[in-house]
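The basis for the numbers below is simple: all heavy atoms, side chains too, and nothing from hydrogens, waters or symmetry mates.
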Amino acid sequence: MLLLSKLVIFAVIFQKALTFQPEFAEPIVNISVAIGRDATFTCHVKHLGGYRVGWVKADTKAIQAIHDHVITHNPRVTVSHLDVNTWNLHIKAVTEEDRGGFMCQINTDPMKSQIGYLDVVIPPDFVQEETSSDIIVPEGGSVRLVCRARGYPTPTVNWRREDGNEIILKDPSGAKTPVTSFRGEVLKLTKIARNEMGSYLCIASNSVPPSVSKRISLNIHFHPVIHVPNQLVGAPLGTDVQIECHVEASPRSINYWIKDSGEMIVSSTKYAVHEYSKSLYEMKMTVIVKKFEKEDIGSYRCIAKNSLGEVDSSIRLYEIPGPTRKVLPPKNTGSDVNEIAKNNKNQLNTGKESHSSPPKNYYSSVDEDDNYGSNEDEDIDGIIDSTNRNNVPIQIHATRKPIHISKVSNGIDSYENNGIMDSRAHQHHWHYVLHCIAFLSSIILSHYSHLIT
């Protein structure tokens, strides 16, 4: 009877043991961590009882730890547990060799296990010995820019220009394809032009921060070139005059000015010399000639020189006539210029022209060249700025010698004031007046006829 009782108790205990076999409460979470960081795997079990938990490297079968004891000789591996249900495996400063699966085992028969995977990612970096540095190439040549990147996962490399301009890709036929960016470790540029000069950025990324970039300077060398906006510059005497040359050169050129006398021009009380950088290869060079004088008339040479050659260009500086002269209409006659023009027109229409010559004693006080200008000055480019019935001065801008019409006006006035302007004298001097106002009357009648009523 006693034996039967013992058997029953043993059966109950055995049944309970079968009912509460150890098992995993949840799967192990996979881990992705950057190289050099720490990683921790957690194994959750229940009903462990007297069984033990162990850790094994899945690919090499190397035992890492059993229960509380670390078996491996790797000093970076440790274990811990919060209670009998939670067991941790710690790996410090992970390396690429740690990448792979780690197995949590329970020493049942048969053994129970589950695996968690460690992914060691590596941020991108450049292989310096396989990556291009700053490069120089002649204009029209070809170049191959290389950025060799490494990392895990494998990085992608994108190229762009630092100044934001487009990259010009050319196919074997020479057709151009402008792009804002280019993907690939190797960027090939052919038949390079000077406007492709600058810094190129290659950027490597693989979703693991941080991304990295490298700056490669592409220098394109070519012979200096000078462009002159105005090769002939005119200015009135006494004014400040600026002349300029635009230079393109790479490497940077030495720029200077020389006058036709051979004198090198430098900044002084007479000259202001400046240079302005417009781009990596473009310069603007200027000279301001202060208080322009007769002695400043002549040619000025701008010269640019670099290691590939020398070039120059000339600018000629000349004088433009100075201030304009004002012509006032006759005084105290009771009529203005428009009235004289009307009378002149009426006389021409009726054929009442005087054929007699003015008195010699009248003309002797007036220089004909002063009144009319010389024969070579008869192509005067006059512009009537204003004229009306209120004696507003007529302003004439002459390209050559100003015509002193004011002397004629004064002569007419003197005749009237002396009281000797009889009918005969009037006919004699009218022929003279016609010559003086012929060009004025024709312009007034054609352009300002609406003012004559």
Side-chain angles (χ1 to χ4, degrees), residues 124-151 153-207 210-231 244-255 275-285 302-313:
D125 193 14
F126 293 113
V127 183
Q128 296 299 331
E129 57 271 18
E130 299 180 30
T131 297
S132 300
S133 55
D134 294 349
I135 191 168
I136 298 173
V137 62
E139 188 172 34
S142 300
V143 69
R144 187 171 178 266
L145 303 180
V146 180
C147 266
R148 199 73 69 190
R150 60 190 170 196
T154 302
T156 58
V157 175
N158 288 281
W159 294 85
R160 65 178 180 85
R161 291 187 62 169
E162 189 177 48
D163 56 13
N165 292 332
E166 294 177 322
I167 297 173
I168 307 300
L169 303 178
K170 304 182 185 74
D171 60 20
S173 66
K176 298 179 181 179
T177 305
V179 296
T180 55
S181 65
F182 173 79
R183 174 171 291 188
E185 291 187 328
V186 180
L187 174 63
K188 295 180 180 178
L189 301 175
T190 59
K191 299 179 181 177
I192 293 177
R194 63 191 63 178
N195 59 359
E196 295 178 75
M197 184 188 305
S199 295
Y200 289 73
L201 298 177
C202 59
I203 304 166
S205 58
N206 64 350
S207 73
S211 297
V212 292
S213 65
K214 182 173 176 62
R215 181 176 181 268
I216 301 174
S217 293
L218 176 60
N219 296 295
I220 301 171
H221 284 187
F222 56 91
H223 190 285
V225 175
I226 290 181
H227 167 65
V228 178
N230 299 296
Q231 289 187 313
E244 62 184 55
C245 289
H246 298 261
V247 179
E248 295 183 9
S250 179
R252 287 275 192 183
S253 56
I254 298 172
N255 306 317
E275 282 192 11
Y276 307 94
S277 178
K278 299 171 64 179
S279 70
L280 289 174
Y281 59 90
E282 293 175 292
M283 292 287 292
K284 176 183 175 182
M285 50 189 299
C302 53
I303 302 172
K305 181 188 298 186
N306 69 4
S307 59
L308 300 179
E310 177 180 342
V311 67
D312 67 88
S313 188

**Item:** Within-4.5 Å side-chain heavy-atom neighbours: E310 and I303
**Value:** yes
**K188 atom NZ, over 12 foreign heavy atoms within 6.0 Å** = no
**Prompt:** Is there a donor-acceptor pair under 3.5 Å between the side chain of K176 and the backbone N or O of I168?
**Reply:** no
**Item:** Electrostatic pair R252-E275, nearest N-O below 4.0 angstrom
**Value:** no
**Request:** If the plane angle is over 60° it's perpendicular, under 30° parallel, otherwise tilted; pick one for F222 and Y281.
**Result:** perpendicular
Check residues 136-144 and write down every donor-acceptor pair under 3.5 Å in which the side-chain atom is one partner and the other belongs to a residue at least two apart or another chain.
from: E139; atom 1: OE1; to: R194; atom 2: NH2; distance (Å): 3.0
from: E139; atom 1: OE2; to: R194; atom 2: N; distance (Å): 3.1
from: E139; atom 1: OE2; to: R194; atom 2: NE; distance (Å): 3.0

**Request:** Indicate yes or no: at least one non-hydrogen side-chain atom of T156 is less than 4.5 angstrom from one of S205.
**Result:** yes
**Item:** Between CZ on residue R150 and CZ on residue F126, distance to nearest 0.5 Å
**Value:** 11.0 Å
**Asked** For K214 and C147, which heavy atoms make the closest approach, and how far apart are they?
**Response** CB-SG, 4.4 Å
**Prompt:** If we only count heavy atoms from C-beta on, is the H221 to S250 side-chain gap below 4.5 Å?
**Reply:** yes
**Message:** Please report the interatomic distance OG(S211) to CG(D125), rounded to the nearest 0.5 Å.
**Reply:** 12.0 Å
**Fill in**
Nearest heavy-atom approach of V157 to A149 is CG2-CB, 3.8 Å
**Request:** With sequence neighbours left out, write down each residue that passes salt bridge (charged side-chain N to carboxylate O under 4.0 Å, His left out) with E166, or none if nothing qualifies.
**Result:** none
**Request:** Measure the CD1-CG distance between I226 and N255 for me, rounded to the nearest 0.5 Å.
**Result:** 7.0 Å
**Message:** N219 vs L280, test: side chain to side chain contact (heavy atoms under 4.5 Å, CB included). Steps then yes/no.
**Reply:** CA-CA 9 Å; N219 296 295; L280 289 174; over 6 Å; no
**Message:** Would R161 and I167 count as a side chain to side chain contact (heavy atoms under 4.5 Å, CB included) here? Give the steps.
**Reply:** CA-CA 7 Å; R161 291 187 62 169; I167 297 173; 3.7 Å; yes
**Prompt:** Taking atom CZ of F182 and atom SG of C202, what is their separation to the nearest 0.5 Å?
**Reply:** 12.0 Å
**Message:** Rounded to the nearest 0.5 Å, what separates atom CZ in R183 from atom CG in N158?
**Reply:** 5.0 Å
**Fill in**
Here the pair of heavy atoms bringing V228 nearest to S313 is CG2-OG, 3.2 Å
**Item:** Stepwise side chain to side chain contact (heavy atoms under 4.5 Å, CB included) test for I135 and L145
**Value:** CA-CA 9 Å; I135 191 168; L145 303 180; 4.0 Å; yes
**Request:** Quickly, which of S199, S133, S132 forms a side chain to side chain contact (heavy atoms under 4.5 Å, CB included) with I216? Name it, please.
**Result:** S132
**Item:** Over all atoms of both residues, closest heavy-atom pair of G184 and W159
**Value:** O-NE1, 2.7 Å
**Residue pair H227 / E282, side-chain heavy-atom distance below 4.5 Å** = no
**Asked** side-chain hydrogen bond (donor to acceptor under 3.5 Å, both in side chains) between H246 and E248: does it pass, once the steps are laid out?
**Response** CA-CA 7 Å; H246 298 261; E248 295 183 9; over 6 Å; no
**Request:** For residues R160 and T180, report the shortest heavy-atom separation together with the two atoms involved.
**Result:** CB-O, 3.7 Å
**Request:** Check L218 against L189 and note the closest heavy-atom contact, atom names and distance.
**Result:** CD2-CD1, 3.9 Å
**Request:** Please round to the nearest 0.5 Å and tell me the distance separating atom CD of E196 and atom OG1 of T190.
**Result:** 8.0 Å
**Prompt:** Just by distance, do the side chain of D134 and the backbone of S217 share a donor-acceptor pair under 3.5 Å?
**Reply:** yes
**Request:** Check whether any side-chain N or O of S253 sits under 3.5 Å from a backbone N or O of N306 as a donor-acceptor pair, and report yes or no.
**Result:** no
